[in-house]
S.K.: 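Here it is: the structure, laid out below.
Count residues from 1 along the sequence.
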Amino acid sequence: RVPGAAKAPLAQNDIAEIQRLLKSLDFDPGPINGRVSARTGEAIRQFQTMAGGTPDGAASPDLLKQLREIVAPPRR
């Protein structure tokens, strides 16, 4: 990865997974449709605030990873 390079946008199925994971945590991302709507962005911001992160409302690979770890932590 090149420093300063923009992250690749998430695929629609990844955004839908973020929406499903947020919903499973009782955040309201709106319809599970793979698109970042105003409701999805707000649900992401609410989650980020609760998790102590910067509430930017962005659907990112890091957010997806964090949600996956919370909902289904890796087995040890």
Side-chain angles (χ1 to χ4, degrees):
R1 185 177 151 115
V2 178
K7 290 184 180 179
L10 289 176
Q12 192 170 355
N13 62 328
D14 290 331
I15 295 169
E17 183 178 357
I18 286 172
Q19 291 169 322
R20 280 191 298 277
L21 292 168
L22 286 166
K23 189 170 185 121
S24 76
L25 295 170
D26 292 327
F27 294 95
D28 179 12
I32 310 297
N33 59 11
R35 292 188 213 115
V36 181
S37 66
R39 281 171 59 188
T40 298
E42 181 57 28
I44 291 170
R45 278 189 289 282
Q46 290 172 0
F47 169 77
Q48 290 169 323
T49 298
M50 185 234 28
T54 302
D56 62 9
S60 69
D62 290 339
L63 173 68
L64 180 55
K65 180 180 176 202
Q66 185 180 19
L67 286 165
R68 285 174 175 163
E69 288 173 355
I70 288 169
V71 174
R75 295 182 193 183
R76 297 188 182 204

S.K.: Please table the atom pairs, donor to acceptor, closer than 3.5 Å between any side-chain atom in residues 49-58 and protein atoms at least two apart or in another chain.
M.R.:
unit_1 : atom_1 : unit_2 : atom_2 : d
Thr49  : OG1    : Arg45  : O      : 3.0
Asp56  : OD1    : Gln48  : NE2    : 2.8
Asp56  : OD1    : Ala58  : N      : 2.9

S.K.: Does Ala11 have any side-chain contact (heavy atoms from CB on, under 4.5 Å) partners at least two apart in sequence or in another chain, and if so, which?
M.R.: Asn13, Asp14

S.K.: Would you check if the side chain of Gln19 reaches a backbone N or O of Asn33 as a donor-acceptor pair within less than 3.5 Å?
M.R.: yes

S.K.: Restricting to non-hydrogen atoms, name the atom on Ala16 and the atom on Ile32 that form the minimum distance, rounded to 0.1 Å.
M.R.: O-CG2, 3.7 Å

S.K.: Partners of Gln46 by side-chain contact (heavy atoms from CB on, under 4.5 Å), sequence neighbours excluded?
M.R.: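 Gln46: side-chain contact (heavy atoms from CB on, under 4.5 Å) contacts with Phe27, Glu42.
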
S.K.: Determine whether a donor-acceptor pair (N or O, by modelled atom type, separation under 3.5 Å) exists between the side chain of Gln12 and the backbone of Arg35.
M.R.: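 Here the side-chain-to-backbone pair does not exist.
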
S.K.: Can you sort out the partners of Ser37 under side-chain hydrogen bond (donor to acceptor under 3.5 Å, both in side chains), two or more places apart, ordered by chain and number?
M.R.: Thr40

S.K.: Ser60 and Ile18: which non-hydrogen atoms are nearest, and at how many Å?
M.R.: O-CD1, 4.1 Å

S.K.: Over all heavy atoms of both residues, which pair between Ala59 and Ile15 is shortest? Give the atoms and the distance, please.
M.R.: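 Closest approach of Ala59 to Ile15, heavy atoms only: CB-CG1, 4.5 Å.
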
S.K.: List the residues meeting side-chain hydrogen bond (donor to acceptor under 3.5 Å, both in side chains) with Arg39, not counting sequence neighbours, and say none if there are none.
M.R.: Asp28

S.K.: Sequence neighbours excluded and cut-off under 3.5 Å, please list the side-chain donor-acceptor pairs for residues 65-72, or say none.
M.R.:
unit_1 : atom_1 : unit_2 : atom_2 : d
Arg68  : NE     : Glu17  : OE2    : 2.9
Arg68  : NH2    : Glu17  : OE1    : 2.8

